[in-house]
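What follows is a set of notes on a single structure, which appears directly below.
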Amino acid sequence: MAHARPASLDQSGFLTDDALVFGVGLDHFFREDSDRPVHAVVRKADRIRLPEKAGRTSPAYCFESLDYPVSDRKLNGYYVEFVKEDEQSEPHEHPGAEIIYVLDGELVVNLEGEDFTLGQGDSMYFDCAHPHTYRLKGSLPCAAIIVVTPKSAST
């Protein structure tokens, strides 16, 4: 009979993947409800940079969670950098709503087959339950803030 591996030994990244999918911090799996933070200050030096998709050799973007210490978040904020020219992200969809604010550079968002080009200072809101991708336009890097709400946040 196989023994279950303790959750604290997340060598394969399963808990990390689950935390990202469900919009919770890793501490969600280890803290009592009364110990969960209701606020968080996340210092730049403390953020972890992750590729768009684990294992992808040439990710279209890398992101950093802006709110990872808070469990059971009502929204998820990310700082995202797009650096590979014309490298499109994997098509994806998820419940909720998404807003993108471009800090620098140009970004192309494809939503259900239609391209929308965003420049510095531009923003876009959309229902992210529809297939969408991102890609850098031009050779200069692009940085953006992306905020995603789970479907339940709008009710």
Side-chain angles (χ1 to χ4, degrees), residues 10 12-29 31 36-155:
D10 187 31
S12 64
F14 288 122
L15 283 180
T16 303
D17 291 346
D18 288 346
L20 288 171
V21 167
F22 295 111
V24 297
L26 282 174
D27 64 322
H28 172 81
F29 302 107
R31 287 191 181 181
R36 295 176 192 263
V38 294
H39 72 280
V41 174
V42 180
R43 305 289 180 203
K44 181 178 180 178
D46 296 334
R47 294 193 309 250
I48 299 170
R49 185 177 174 90
L50 298 169
E52 160 201 2
K53 187 171 184 172
R56 186 169 176 185
T57 57
S58 181
Y61 62 87
C62 292
F63 68 96
E64 301 170 10
S65 173
L66 300 176
D67 51 15
Y68 69 87
V70 179
S71 295
D72 303 319
R73 301 185 283 279
K74 293 177 178 50
L75 56 83
N76 299 292
Y78 303 98
Y79 172 75
V80 186
E81 288 185 340
F82 304 85
V83 293
K84 287 284 276 187
E85 185 175 4
D86 294 325
E87 185 73 33
Q88 182 169 289
S89 68
E90 296 282 333
H92 60 285
E93 54 194 73
H94 41 90
E98 186 165 322
I99 190 163
I100 302 169
Y101 177 79
V102 177
L103 299 167
D104 288 307
E106 287 188 292
L107 178 66
V108 177
V109 179
N110 182 284
L111 180 62
E112 294 190 302
E114 185 176 353
D115 282 349
F116 299 90
T117 300
L118 306 175
Q120 182 180 21
D122 292 343
S123 63
M124 179 178 181
Y125 169 93
F126 61 95
D127 179 343
C128 49
H130 300 277
H132 56 282
T133 63
Y134 316 106
R135 78 173 184 278
L136 174 67
K137 182 174 182 181
S139 59
L140 297 176
C142 176
I145 299 294
I146 298 180
V147 178
V148 180
T149 63
K151 186 172 182 74
S152 61
S154 62
T155 57

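Taking every heavy atom of both residues into account, Ala40 and Val70 meet most closely at CB-CG2, 3.5 Å. Across every non-hydrogen atom of Arg49 and Glu81, the tightest pair is NH1-OE1, 2.7 Å. The two residues Leu107 and Arg135 come nearest to each other via the heavy atoms CD1-O, 3.3 Å. When all heavy atoms of His132 and Leu111 are compared, the closest pair comes out as CB-CD1, 4.0 Å. Nearest heavy atom pair, residue Pro131 against residue Glu93, reads CG-OE1, 3.2 Å. Heavy-atom minimum distance, Asp46 versus Tyr68: O-OH, 3.1 Å.
A donor atom on one side chain and an acceptor atom on the other are found under 3.5 Å apart for Ser65 and Asp67.
Using a 4.5 Å heavy-atom cutoff, the side chains of Thr149 and Lys74 are not in contact. With contacts defined as side-chain heavy-atom distances shorter than 4.5 Å, the pair Leu75/Val148 does not qualify. Between Val80 and Ile146 the shortest side-chain heavy-atom distance falls below 4.5 Å. Counting heavy atoms from C-beta on, the side chains of Val42 and Arg47 come closer than 4.5 Å. Between Leu118 and Val109, some side-chain heavy-atom pair lies under the 4.5 Å cut-off.
Once rounded to the nearest 0.5 Å, the distance linking OG of Ser89 with CG of Leu136 reads 12.0 Å. Atom-to-atom distance recorded for Lys53:NZ and Ser58:OG is 14.0 Å, nearest 0.5 angstrom. The CE atom of Met124 sits 6.5 Å away from atom CD1 of Ile100, with the distance rounded to the nearest 0.5 Å. To the nearest 0.5 angstrom, Thr133 atom OG1 is 11.0 Å from Glu87 atom CD. Atom CG in Leu140 sits 11.0 Å away from atom CD in Gln120 (nearest 0.5 Å). Asn76 contributes atom CG, which lies 10.0 Å from atom CG of Leu66 (distance to the nearest 0.5 angstrom).
Ring geometry for Tyr61 versus Phe82: interplanar angle of 30 to 60°, hence tilted. Note on ring orientation: taking the six-membered ring where Trp is involved, the planes of His92 and His94 are parallel (angle under 30°, cut-offs 30° and 60°).
Among the candidates Tyr134, Tyr79, Tyr78, the single residue satisfying the ring-ring contact (aromatic ring centres under 6.0 Å, His included) test with Phe63 is Tyr78.
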